[in-house]
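Encoded as C-alpha coordinates, the structure appears first; notes follow it.
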2 protein chains.
Amino acid sequence: MLLSKTSEYGIRAMLHLAGVGGDVYLPVKRISKDLDISFHFLTKIFQQLTRAELVDSYRGPNGGVRLRCEARSIAVKDILVALEGDDLFTKCVLGLPECGEGHPCPLHEHWARSRMQIETMFGGKSLIDLGAELRSGGFRLRATGEWTEPTK
Amino acid sequence: MLLSKTSEYGIRAMLHLAGVGGDVYLPVKRISKDLDISFHFLTKIFQQLTRAELVDSYRGPNGGVRLRCEARSIAVKDILVALEGDDLFTKCVLGLPECGEGHPCPLHEHWARSRMQIETMFGGKSLIDLGAELRSGGFRLRATGEWTEPTK
DNA sequence: CACAAAAAAGATATAAATGTCTTAAAACGG
DNA sequence: CCGTTTTAAGACATTTATATCTTTTTTGTG
Ligand code: FES
Ligand code: FES
(Lines give C-alpha, C1' and ligand atoms only; values in the text may rest on other atoms or scores of the structure.)
(Ligands and ions follow the chains in the order given, each with its own letter.)
Protein backbone atom coordinates (compact mmCIF):
# COMPACT_ATOMS: atom_id res chain seq x y z
CA MET A 1 0.00 0.00 0.00
CA LEU A 2 2.73 2.44 0.93
CA LEU A 3 5.09 2.07 -2.03
CA SER A 4 4.47 0.86 -5.57
CA LYS A 5 6.24 -2.22 -6.90
CA THR A 6 8.27 0.11 -9.06
CA SER A 7 9.58 1.87 -5.97
CA GLU A 8 10.16 -1.33 -4.02
CA TYR A 9 12.14 -2.86 -6.88
CA GLY A 10 14.00 0.37 -7.55
CA ILE A 11 15.12 0.77 -3.96
CA ARG A 12 16.15 -2.86 -3.63
CA ALA A 13 18.17 -2.67 -6.83
CA MET A 14 19.85 0.58 -5.81
CA LEU A 15 20.74 -0.83 -2.41
CA HIS A 16 22.22 -3.84 -4.18
CA LEU A 17 24.39 -1.51 -6.24
CA ALA A 18 25.34 0.37 -3.10
CA GLY A 19 26.37 -2.89 -1.50
CA VAL A 20 28.62 -3.74 -4.42
CA GLY A 21 30.04 -0.26 -4.32
CA GLY A 22 32.99 0.78 -6.46
CA ASP A 23 32.75 1.94 -10.02
CA VAL A 24 32.11 -1.35 -11.77
CA TYR A 25 29.10 -1.67 -14.05
CA LEU A 26 26.67 -4.38 -13.02
CA PRO A 27 24.35 -5.75 -15.77
CA VAL A 28 20.65 -5.37 -15.05
CA LYS A 29 20.30 -9.05 -15.90
CA ARG A 30 22.61 -9.85 -13.02
CA ILE A 31 20.69 -7.67 -10.59
CA SER A 32 17.38 -9.15 -11.67
CA LYS A 33 18.71 -12.64 -10.95
CA ASP A 34 20.35 -11.67 -7.65
CA LEU A 35 17.18 -10.03 -6.37
CA ASP A 36 14.63 -12.19 -8.15
CA ILE A 37 12.96 -9.32 -9.98
CA SER A 38 11.55 -9.40 -13.52
CA PHE A 39 14.39 -8.41 -15.86
CA HIS A 40 12.33 -6.39 -18.32
CA PHE A 41 10.48 -4.54 -15.61
CA LEU A 42 13.71 -3.71 -13.82
CA THR A 43 15.14 -2.44 -17.09
CA LYS A 44 12.38 0.15 -17.32
CA ILE A 45 13.02 1.23 -13.78
CA PHE A 46 16.73 1.71 -14.41
CA GLN A 47 15.92 3.71 -17.53
CA GLN A 48 14.06 6.15 -15.30
CA LEU A 49 16.89 6.22 -12.77
CA THR A 50 19.37 6.84 -15.58
CA ARG A 51 17.31 9.73 -16.92
CA ALA A 52 17.09 11.07 -13.36
CA GLU A 53 20.90 10.91 -13.28
CA LEU A 54 21.06 8.71 -10.21
CA VAL A 55 22.90 5.97 -12.09
CA ASP A 56 25.31 5.72 -15.00
CA SER A 57 24.61 3.11 -17.64
CA TYR A 58 26.90 1.65 -20.24
CA ARG A 59 26.10 -0.68 -23.11
CA GLY A 60 27.86 -3.65 -24.51
CA PRO A 61 30.13 -6.26 -22.95
CA ASN A 62 31.15 -5.34 -19.38
CA GLY A 63 28.41 -2.75 -19.44
CA GLY A 64 25.54 -2.35 -17.02
CA VAL A 65 24.56 0.21 -14.42
CA ARG A 66 26.28 1.72 -11.40
CA LEU A 67 25.69 4.48 -8.90
CA ARG A 68 26.62 7.90 -10.17
CA CYS A 69 29.96 9.03 -8.86
CA GLU A 70 28.80 12.64 -8.71
CA ALA A 71 25.75 11.73 -6.65
CA ARG A 72 27.13 9.26 -4.17
CA SER A 73 25.29 10.90 -1.31
CA ILE A 74 21.87 10.07 -2.72
CA ALA A 75 19.32 8.76 -0.25
CA VAL A 76 16.36 6.44 -0.61
CA LYS A 77 14.19 9.53 -0.79
CA ASP A 78 15.89 10.56 -4.03
CA ILE A 79 14.98 7.21 -5.58
CA LEU A 80 11.37 7.65 -4.54
CA VAL A 81 11.20 11.16 -5.90
CA ALA A 82 12.75 10.05 -9.19
CA LEU A 83 10.32 7.15 -9.60
CA GLU A 84 7.09 8.57 -8.19
CA GLY A 85 7.46 12.25 -7.57
CA ASP A 86 7.32 13.90 -4.18
CA ASP A 87 3.61 13.34 -3.51
CA LEU A 88 4.36 11.32 -0.41
CA PHE A 89 6.22 14.27 1.08
CA THR A 90 3.91 17.08 0.03
CA LYS A 91 0.34 15.93 -0.58
CA CYS A 92 -2.71 15.89 1.68
CA VAL A 93 -3.25 12.48 3.23
CA LEU A 94 -6.91 12.66 2.18
CA GLY A 95 -6.06 13.58 -1.40
CA LEU A 96 -7.37 17.16 -1.13
CA PRO A 97 -5.63 19.73 -3.32
CA GLU A 98 -3.21 22.30 -1.95
CA CYS A 99 -2.33 20.85 1.42
CA GLY A 100 -1.40 23.62 3.81
CA GLU A 101 -2.20 25.53 6.96
CA GLY A 102 -4.51 27.75 4.95
CA HIS A 103 -7.29 25.18 4.53
CA PRO A 104 -6.37 22.13 6.58
CA CYS A 105 -8.22 18.84 6.55
CA PRO A 106 -8.94 17.35 9.99
CA LEU A 107 -5.78 15.24 9.79
CA HIS A 108 -3.48 17.93 8.48
CA GLU A 109 -1.67 18.78 11.68
CA HIS A 110 -1.10 15.13 12.51
CA TRP A 111 -0.15 14.11 9.00
CA ALA A 112 2.21 17.06 8.46
CA ARG A 113 4.23 15.87 11.44
CA SER A 114 4.22 12.22 10.36
CA ARG A 115 5.11 13.22 6.84
CA MET A 116 8.19 15.03 8.05
CA GLN A 117 9.27 12.03 10.07
CA ILE A 118 8.87 9.83 7.01
CA GLU A 119 10.84 12.28 4.93
CA THR A 120 13.63 12.26 7.51
CA MET A 121 13.55 8.48 7.58
CA PHE A 122 13.91 8.12 3.81
CA GLY A 123 16.23 11.07 3.47
CA GLY A 124 18.47 10.68 6.46
CA LYS A 125 20.70 7.84 5.42
CA SER A 126 22.84 7.82 2.26
CA LEU A 127 23.03 4.81 -0.03
CA ILE A 128 26.75 4.70 0.72
CA ASP A 129 26.09 4.17 4.42
CA LEU A 130 23.35 1.63 3.74
CA GLY A 131 25.68 -0.18 1.35
CA ALA A 132 28.35 -0.39 4.04
CA GLU A 133 25.84 -1.81 6.52
CA LEU A 134 24.80 -4.29 3.88
CA ARG A 135 28.40 -5.50 3.47
CA SER A 136 28.75 -5.82 7.22
CA GLY A 137 26.19 -8.65 6.96
CA GLY A 138 22.91 -9.72 8.48
CA PHE A 139 20.59 -8.03 5.98
CA ARG A 140 18.57 -9.27 3.04
CA LEU A 141 17.37 -7.73 -0.23
CA ARG A 142 15.31 -10.69 -1.45
CA ALA A 143 12.72 -13.03 0.02
CA THR A 144 15.16 -15.51 1.49
CA GLY A 145 18.88 -15.58 2.01
CA GLU A 146 21.22 -13.01 3.42
CA TRP A 147 22.78 -10.47 1.08
CA THR A 148 26.15 -11.38 -0.38
CA GLU A 149 28.40 -9.65 -2.87
CA PRO A 150 27.55 -10.97 -6.34
CA THR A 151 30.33 -13.22 -7.61
CA LYS A 152 31.69 -12.52 -11.09
CA MET B 1 0.68 7.00 -3.30
CA LEU B 2 0.15 6.55 0.43
CA LEU B 3 -3.55 5.73 0.53
CA SER B 4 -5.89 4.38 -2.12
CA LYS B 5 -8.85 6.43 -3.32
CA THR B 6 -11.04 3.95 -1.48
CA SER B 7 -9.32 4.83 1.79
CA GLU B 8 -9.29 8.55 1.12
CA TYR B 9 -13.01 8.57 0.34
CA GLY B 10 -13.80 6.25 3.22
CA ILE B 11 -11.99 8.39 5.76
CA ARG B 12 -13.50 11.62 4.47
CA ALA B 13 -16.98 10.13 4.58
CA MET B 14 -16.51 8.75 8.08
CA LEU B 15 -15.19 12.08 9.33
CA HIS B 16 -18.25 13.72 7.80
CA LEU B 17 -20.45 11.34 9.76
CA ALA B 18 -18.43 12.06 12.87
CA GLY B 19 -18.95 15.76 12.34
CA VAL B 20 -22.69 15.31 12.12
CA GLY B 21 -22.60 13.12 15.19
CA GLY B 22 -25.75 11.90 16.86
CA ASP B 23 -27.68 8.84 15.89
CA VAL B 24 -29.38 10.10 12.76
CA TYR B 25 -29.01 8.17 9.52
CA LEU B 26 -27.42 10.15 6.70
CA PRO B 27 -28.12 8.92 3.14
CA VAL B 28 -25.02 8.03 1.12
CA LYS B 29 -26.42 10.20 -1.64
CA ARG B 30 -26.23 13.16 0.71
CA ILE B 31 -22.67 12.40 1.73
CA SER B 32 -21.58 11.97 -1.86
CA LYS B 33 -22.97 15.40 -2.70
CA ASP B 34 -21.57 17.07 0.40
CA LEU B 35 -18.08 15.72 -0.24
CA ASP B 36 -18.18 15.59 -4.04
CA ILE B 37 -17.49 11.86 -4.25
CA SER B 38 -18.99 9.43 -6.78
CA PHE B 39 -22.21 8.10 -5.26
CA HIS B 40 -21.93 4.54 -6.53
CA PHE B 41 -18.32 4.22 -5.54
CA LEU B 42 -19.04 5.56 -2.09
CA THR B 43 -21.88 3.06 -1.78
CA LYS B 44 -19.43 0.19 -2.24
CA ILE B 45 -17.13 1.64 0.37
CA PHE B 46 -19.94 1.93 2.90
CA GLN B 47 -20.95 -1.64 2.20
CA GLN B 48 -17.49 -2.68 3.34
CA LEU B 49 -17.65 -0.45 6.38
CA THR B 50 -21.05 -1.88 7.24
CA ARG B 51 -19.78 -5.45 6.96
CA ALA B 52 -16.83 -4.43 9.14
CA GLU B 53 -19.38 -3.17 11.66
CA LEU B 54 -18.01 0.34 11.80
CA VAL B 55 -21.31 1.82 10.64
CA ASP B 56 -24.98 0.94 10.89
CA SER B 57 -27.06 1.16 7.75
CA TYR B 58 -30.77 1.36 7.34
CA ARG B 59 -32.83 1.15 4.17
CA GLY B 60 -35.84 3.04 3.00
CA PRO B 61 -37.03 6.61 3.66
CA ASN B 62 -35.05 8.33 6.43
CA GLY B 63 -32.50 5.57 6.07
CA GLY B 64 -28.80 5.91 5.41
CA VAL B 65 -25.65 5.25 7.37
CA ARG B 66 -24.33 6.37 10.73
CA LEU B 67 -21.44 5.63 13.04
CA ARG B 68 -21.97 2.53 15.14
CA CYS B 69 -23.00 3.37 18.67
CA GLU B 70 -21.08 0.42 20.06
CA ALA B 71 -17.89 1.51 18.31
CA ARG B 72 -17.82 5.23 18.94
CA SER B 73 -14.17 5.12 19.87
CA ILE B 74 -13.07 3.95 16.43
CA ALA B 75 -10.05 5.70 14.97
CA VAL B 76 -8.96 6.42 11.42
CA LYS B 77 -6.75 3.37 11.69
CA ASP B 78 -9.81 1.14 12.05
CA ILE B 79 -11.20 2.51 8.79
CA LEU B 80 -7.93 1.79 7.03
CA VAL B 81 -7.76 -1.73 8.40
CA ALA B 82 -11.35 -2.39 7.38
CA LEU B 83 -10.82 -1.13 3.83
CA GLU B 84 -7.28 -2.27 3.09
CA GLY B 85 -6.06 -4.61 5.78
CA ASP B 86 -3.20 -3.87 8.13
CA ASP B 87 -0.39 -4.11 5.57
CA LEU B 88 0.66 -0.52 6.24
CA PHE B 89 1.23 -1.35 9.89
CA THR B 90 2.86 -4.76 9.53
CA LYS B 91 4.56 -5.24 6.16
CA CYS B 92 8.14 -4.71 5.02
CA VAL B 93 8.61 -1.36 3.30
CA LEU B 94 10.42 -3.15 0.47
CA GLY B 95 7.67 -5.73 0.06
CA LEU B 96 9.74 -8.64 1.36
CA PRO B 97 7.79 -11.39 3.12
CA GLU B 98 7.80 -11.85 6.88
CA CYS B 99 9.10 -8.52 8.10
CA GLY B 100 10.87 -8.94 11.42
CA GLU B 101 14.10 -8.75 13.35
CA GLY B 102 14.91 -12.27 12.20
CA HIS B 103 15.80 -11.36 8.62
CA PRO B 104 15.72 -7.58 8.34
CA CYS B 105 16.04 -5.62 5.12
CA PRO B 106 18.44 -2.67 5.24
CA LEU B 107 15.59 -0.30 6.05
CA HIS B 108 13.88 -2.46 8.65
CA GLU B 109 15.07 -0.71 11.78
CA HIS B 110 14.22 2.70 10.36
CA TRP B 111 10.91 1.65 8.89
CA ALA B 112 9.78 -0.22 11.99
CA ARG B 113 10.10 2.99 13.95
CA SER B 114 8.34 5.13 11.34
CA ARG B 115 5.63 2.53 11.01
CA MET B 116 4.89 2.75 14.70
CA GLN B 117 4.68 6.54 14.53
CA ILE B 118 2.25 6.26 11.63
CA GLU B 119 0.18 3.74 13.52
CA THR B 120 0.06 6.06 16.52
CA MET B 121 -0.90 8.94 14.27
CA PHE B 122 -3.82 7.08 12.67
CA GLY B 123 -4.79 5.30 15.84
CA GLY B 124 -4.37 7.99 18.43
CA LYS B 125 -7.40 10.16 17.82
CA SER B 126 -10.98 8.90 17.90
CA LEU B 127 -13.51 9.87 15.26
CA ILE B 128 -15.54 11.42 18.06
CA ASP B 129 -12.74 13.83 18.88
CA LEU B 130 -12.08 14.58 15.24
CA GLY B 131 -15.78 15.20 14.72
CA ALA B 132 -15.81 17.69 17.58
CA GLU B 133 -12.84 19.53 16.11
CA LEU B 134 -14.63 19.55 12.79
CA ARG B 135 -17.67 21.24 14.35
CA SER B 136 -15.43 23.79 16.03
CA GLY B 137 -14.68 25.04 12.52
CA GLY B 138 -11.74 25.83 10.28
CA PHE B 139 -11.40 22.45 8.61
CA ARG B 140 -12.38 21.07 5.22
CA LEU B 141 -13.36 17.67 3.90
CA ARG B 142 -13.61 18.57 0.23
CA ALA B 143 -11.54 20.49 -2.28
CA THR B 144 -12.90 23.91 -1.44
CA GLY B 145 -15.07 25.30 1.29
CA GLU B 146 -14.97 24.87 5.01
CA TRP B 147 -16.90 22.00 6.55
CA THR B 148 -20.42 22.75 7.66
CA GLU B 149 -23.14 20.61 9.16
CA PRO B 150 -25.31 19.35 6.30
CA THR B 151 -28.69 21.09 6.34
CA LYS B 152 -31.82 18.93 6.13
C1' DC C 1 -51.57 -2.31 -1.57
C1' DA C 2 -49.05 1.04 -4.55
C1' DC C 3 -45.34 4.05 -4.55
C1' DA C 4 -41.08 6.22 -3.39
C1' DA C 5 -36.62 6.19 -0.88
C1' DA C 6 -32.74 4.05 0.15
C1' DA C 7 -29.04 0.33 0.75
C1' DA C 8 -27.33 -4.09 -1.40
C1' DA C 9 -25.76 -6.49 -5.07
C1' DG C 10 -24.34 -7.44 -9.60
C1' DA C 11 -22.66 -6.25 -14.16
C1' DT C 12 -19.90 -3.60 -16.97
C1' DA C 13 -16.60 0.07 -18.42
C1' DT C 14 -12.33 2.70 -18.04
C1' DA C 15 -7.85 3.69 -16.50
C1' DA C 16 -3.59 2.66 -14.27
C1' DA C 17 -0.11 -0.47 -12.63
C1' DT C 18 2.37 -4.41 -13.52
C1' DG C 19 4.49 -7.75 -16.36
C1' DT C 20 6.17 -9.82 -20.83
C1' DC C 21 7.88 -9.88 -25.45
C1' DT C 22 10.17 -7.97 -29.60
C1' DT C 23 13.10 -4.93 -32.00
C1' DA C 24 16.60 -1.34 -32.25
C1' DA C 25 20.90 0.86 -31.02
C1' DA C 26 25.44 1.01 -28.83
C1' DA C 27 29.80 -1.08 -27.60
C1' DC C 28 33.30 -4.52 -27.71
C1' DG C 29 36.19 -8.45 -29.44
C1' DG C 30 37.69 -11.18 -32.77
C1' DC D 1 33.05 -6.58 -40.78
C1' DC D 2 30.50 -9.95 -38.05
C1' DG D 3 28.72 -11.86 -33.87
C1' DT D 4 27.84 -11.19 -28.94
C1' DT D 5 26.57 -8.48 -24.94
C1' DT D 6 24.28 -5.03 -23.19
C1' DT D 7 20.98 -0.87 -22.54
C1' DA D 8 17.03 1.64 -24.86
C1' DA D 9 12.72 1.74 -26.73
C1' DG D 10 8.38 0.25 -28.20
C1' DA D 11 4.47 -2.90 -28.42
C1' DC D 12 1.49 -5.79 -26.14
C1' DA D 13 -0.86 -8.58 -22.39
C1' DT D 14 -2.56 -9.12 -17.79
C1' DT D 15 -4.15 -7.65 -13.52
C1' DT D 16 -5.86 -4.37 -10.24
C1' DA D 17 -8.04 -0.02 -9.01
C1' DT D 18 -11.41 3.15 -10.04
C1' DA D 19 -15.76 4.47 -11.84
C1' DT D 20 -20.45 3.92 -13.72
C1' DC D 21 -24.81 1.69 -14.60
C1' DT D 22 -28.65 -1.51 -13.70
C1' DT D 23 -31.41 -4.54 -10.91
C1' DT D 24 -32.96 -6.31 -6.48
C1' DT D 25 -34.37 -5.99 -1.66
C1' DT D 26 -35.84 -3.53 2.36
C1' DT D 27 -38.48 0.06 4.52
C1' DG D 28 -41.69 3.78 5.26
C1' DT D 29 -45.85 6.46 3.75
C1' DG D 30 -50.17 7.39 1.99
S1 FES E 1 -4.74 19.41 4.03
FE2 FES E 1 -4.91 17.28 4.45
S3 FES E 1 -2.92 16.80 5.14
FE4 FES E 1 -2.72 18.92 4.70
S1 FES F 1 12.07 -6.59 6.76
FE2 FES F 1 11.87 -4.77 5.57
S3 FES F 1 10.86 -3.44 6.94
FE4 FES F 1 11.04 -5.27 8.15
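In this text, all values refer to a predicted model and were calculated from it rather than measured experimentally.
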Ionic contact status for A:Lys91 with A:Asp87, cut-off 4.0 Å: yes
C:dA7 OP1/OP2 closer than 4.0 Å to side-chain N/O of B:Thr50: no
Rounded interatomic separation in angstrom, taking CZ from A:Arg30 and C1' from D:dT6: 15 Å
Plane angle bin for A:Phe122 and A:Phe89 - parallel if under 30°, tilted between 30 and 60°, otherwise perpendicular: perpendicular
Check: A:Leu141 main-chain N/O paired with A:Arg12 side-chain donor or acceptor under 3.5 Å: yes
Value in whole Å for how far the P atom of D:dT18 lies from CD1 of B:Ile37: 13 Å
Test: A:Glu149 and A:Arg135 ion pair at under 4.0 Å: no
Distance, rounded to the nearest Å, where A:Ile45 contributes CD1 and D:dA9 contributes C1': 16 Å
Annotated protein contacts, base or backbone, on nucleotides 12-18 of chain C with a non-hydrogen cut-off under 4.0 Å, one of B, S, - each: ------S
Whole-Å gap separating C1' (C:dA8) and CG (B:Leu49): 14 Å
Atom-to-atom span, CG of B:Leu42 to P of C:dA9 - whole angstrom: 16 Å
Atom-to-atom span, NZ of B:Lys29 to P of D:dT20 - whole angstrom: 12 Å
Atom pair distance, as rounded to whole Å: CZ in B:Phe39 and P in C:dA5: 13 Å
A:Leu26 side chain near A:Val20 side chain, heavy-atom distance below 4.5 Å: yes
Residues in side-chain contact (heavy atoms from CB on, under 4.5 Å) contact with B:Asp36, at least two apart in sequence or another chain: B:Arg142
Stretch residues 79-88 of chain A: residues that reach within less than 4.0 Å of DNA chain C through a heavy atom: none
Residue pairs fulfilling ring-ring contact (aromatic ring centres under 6.0 Å, His included) with at least one residue in residues 41-88 of chain B, sequence neighbours excluded: B:Tyr9-B:Phe41, B:Tyr25-B:Tyr58
Contact under 4.0 Å: B:Arg51 side-chain N or O vs C:dA9 OP1/OP2: yes
Side chain A:Ser114, main chain A:Trp111, donor-acceptor under 3.5 Å: no
Sidechain-backbone polar pair: A:Arg66 side chain, A:Val24 backbone, donor-acceptor under 3.5 Å: no
Rounded distance (Å) that lies between atom C1' of D:dG28 and atom OH of B:Tyr25: 14 Å
Partner residues of A:Trp147 under the side chain to side chain donor-acceptor pair (under 3.5 Å) criterion, sequence neighbours left out: A:His16
B:Arg115 side chain to B:Val93 backbone, donor-acceptor under 3.5 Å: no
Per-nucleotide protein contact string for nucleotides 21-30 of chain C (B base, S sugar-phosphate only, - none; heavy atom under 4.0 Å): BB--BSBS--
A:Ser57 vs D:dA8: side-chain N/O to OP1/OP2 distance below 4.0 Å: yes
